[in-house]
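A, B, ... follow the sequence lines: proteins, then strands. Residue 1 opens every chain.
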Protein chains: 2
Amino acid sequence: MGRGYKWGQKLAGHGFRLTAAREAILDVLSSTNEHVSAEDIYMTVHADNPRIGLTTIYRTLELLEQTGIICKFEFGHGRAKYELSEANSHKKHHHHLICKKCRKIIDYTEFAKAEREYIQKAETGLEKKYRFTIDDHLIHFYGICPECKTG
Amino acid sequence: MGRGYKWGQKLAGHGFRLTAAREAILDVLSSTNEHVSAEDIYMTVHADNPRIGLTTIYRTLELLEQTGIICKFEFGHGRAKYELSEANSHKKHHHHLICKKCRKIIDYTEFAKAEREYIQKAETGLEKKYRFTIDDHLIHFYGICPECKTG
DNA sequence: ATGATAATGGAAACCATTTTCACTATAGAG
DNA sequence: CTCTATAGTGAAAATGGTTTCCATTATCAT
C-alpha cells in the first residue's frame, strides 16, 4: 500500500491505469495549495522526468477532471487552473477571492453556514422552477488585494 | 436626442466617440437577452455593414467593458460572452444557471433576499479578514437541463 | 510469448484573441 | 473653412493555450 495506492484504486475504478506520468501529475497537485496551470505542472514534472511531455499533461488533466479527481477552473486570462477536488484532498469546501489587478487567488472557507442557507434555498428553487438537476455551484468575489492597493 | 444619444453621452464621458461600428455593436447587445460572443456580434453587425471587421468588434468590446457598459463572462469552452451591465439595461441583478451538457445559460433573479444576506456577510467578512476591497461577485449553478435529461 | 489495447511524445493543427501597420475619419485650433 | 493632431479602423500576421494526429511504446489478459 504505497503512495500511489489510493490513486491507483480511484483510476482503476474508471478503467484507467496509474502510470508514472499520472502519478507525477497527481503528486504535484497533492503537494500544493495553489491553483496550478497545465504549464506549471509541466515545469515541475518535466524537471524530474524530462520524458513526460506537455501533451500528456493535458490529456491526464482532462482524464482526472472527467473522473472527478480534480476540478478545472477558468478564471479568465487564458490559462485554466486545476486543483484536487474536495473529496480528494484535505481541503474544506471553499470559494475564491480574486484580485483583479494581480490575479492572486485566495481560497476562503468562512461563512459556510450563511452560504449553505442561500445555496440550499436557491438550488431547490432553481431545480423546481427550471427543472434542472443541479450538482455544483461556484462563487467568486472580485476586488483589489491590499498589496495592489498600496503598491 | 436620437437612439445613440445615451451611449454617446456615456462614451463621451470617457473620452471616446460613438462611431457607427460602436453603435451597431451596442444595438446588438441592447436587442438581445442572450449572452453573445464576439463572433455572434460580428455576424449580425457584418450582415448589415460588411465594412466592419472582427478586430473592431474585439476592440470595441474591450472598450465597453473598461467603461463598465458591458460585462464579460468566461463560462469556459473557449469563447467569452458579453452582456450589457445591469446599470445599462433593464435587467435585474441576476446570476447564471448553466447546463453542463448543452451549455445553455439561464439568467435567474430569484432568491435576491437570501443572496443579499449571504453576499453582504461574506463580503464584509472577507474585506476585513483579507483586507481586499471587494466590488463584484459571481455565482454560477451547474447541472443538467430538462431537455438534456430526457434527450 | 503474443496479440489487443491503453498510453505516450513530438509535431502540427486549431482557434479565439491580440498586435501590427498603414490608412481614414473627425474634432478642434487657427 | 482648412489644417493638423489624434482617434478609430480593417486586413493580415502573430500569439498562445490547448487539441489533434500519428507513429511508437508499455501493459494487461490469454
Side-chain angles (χ1 to χ4, degrees), chain A residues 4 7-26 28 35-67 69-82 103, chain B residues 4 7-26 28 35-67 69-82 103:
Chain A
W7 300 130
Q9 295 286 88
K10 279 250 157 66
L11 287 177
H14 291 270
F16 299 117
R17 302 177 191 154
L18 179 62
T19 64
R22 289 171 185 174
E23 195 166 358
I25 292 167
L26 282 162
V28 174
H35 303 76
V36 291
S37 67
E39 177 132 19
D40 292 335
I41 296 172
Y42 175 67
M43 305 278 241
T44 308
V45 164
H46 198 258
D48 253 24
N49 188 345
R51 304 196 50 201
I52 295 173
L54 188 53
T55 308
T56 296
I57 307 289
Y58 277 107
R59 263 191 301 235
T60 301
L61 288 172
E62 173 159 11
L63 181 155
L64 294 175
E65 195 202 351
Q66 305 286 10
T67 57
I69 294 176
I70 64 172
C71 294
K72 179 181 187 176
F73 290 95
E74 318 222 3
F75 291 107
H77 314 106
R79 25 163 61 83
K81 304 283 196 93
Y82 301 84
R103 298 173 193 173
Chain B
W7 300 131
Q9 296 286 89
K10 279 252 158 64
L11 288 177
H14 292 271
F16 299 117
R17 301 175 191 156
L18 180 62
T19 64
R22 289 170 187 175
E23 196 166 357
I25 292 166
L26 282 162
V28 174
H35 304 76
V36 291
S37 66
E39 178 133 19
D40 293 335
I41 296 172
Y42 175 67
M43 306 277 241
T44 308
V45 163
H46 198 258
D48 254 25
N49 188 344
R51 306 196 50 201
I52 296 173
L54 188 52
T55 308
T56 296
I57 308 288
Y58 277 107
R59 264 192 298 237
T60 301
L61 287 172
E62 173 161 9
L63 181 156
L64 294 175
E65 196 203 349
Q66 306 285 9
T67 57
I69 293 175
I70 64 173
C71 295
K72 179 181 189 177
F73 290 96
E74 318 221 5
F75 291 106
H77 315 107
R79 25 164 58 84
K81 305 284 196 90
Y82 301 84
R103 295 174 194 174

Figure out the [atom1]/[atom2] separation between [X] and [N], and round it to whole Å.
X	N	atom1	atom2	answer
Tyr42(B)	dT17(C)	OH	P	14 Å
Ile41(B)	dT17(C)	CD1	P	10 Å
Phe16(B)	dA27(C)	CZ	C1'	16 Å
Glu65(B)	dT17(C)	CD	C1'	13 Å
Ile25(A)	dA7(C)	CD1	P	13 Å
Phe73(B)	dT17(C)	CZ	P	15 Å
Ile57(B)	dT19(C)	CD1	P	17 Å
Leu11(A)	dA7(C)	CG	C1'	13 Å

Test applied, side-chain contact (heavy atoms from CB on, under 4.5 Å); reference residue, Thr44(B); option that passes from Ile25(B), Val36(B), Val28(B)
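Going through Ile25(B), Val36(B), Val28(B) one by one, the side-chain contact (heavy atoms from CB on, under 4.5 Å) with Thr44(B) is satisfied by Val28(B) alone.
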
Could you state the interatomic distance from CG (Leu61(B)) to OH (Tyr42(B)), rounded to the nearest 0.5 Å?
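Atom-to-atom, Leu61(B):CG and Tyr42(B):OH are 13.5 Å apart.
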
Closest heavy-atom pair and its distance - Ile52(B), Ala24(B)
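So the two residues come closest at CD1-CB, 4.4 Å.
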
Is any side-chain heavy atom of Leu26(B) closer than 4.5 Å to one of Leu18(B)?
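Side chain of Leu18(B) against side chain of Leu26(B), heavy atoms only: contact under 4.5 Å found.
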
How would nucleotides 17-27 of chain D be written as a contact map, 5' to 3', with B for base contact, S for sugar-phosphate-only contact and - for no contact, using protein heavy atoms under 4.0 Å?
SBBBB-----B

Upstream residue (5' side of DNA chain C) when Pro50(A) and Leu63(A) are each assigned their closest nucleotide:
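Looking at the nearest nucleotide for each, Leu63(A) comes out on the 5' side.
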
If the condition is salt bridge (charged side-chain N to carboxylate O under 4.0 Å, His left out), which residues does Arg79(B) pass it with, not counting sequence neighbours?
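Salt bridge (charged side-chain N to carboxylate O under 4.0 Å, His left out) list for Arg79(B), sorted by chain: Glu39(B).
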
Sequence-distant partners of Glu65(A), side chain to side chain donor-acceptor pair (under 3.5 Å), two or more places apart:
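Checked Glu65(A) against side chain to side chain donor-acceptor pair (under 3.5 Å); zero matches.
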
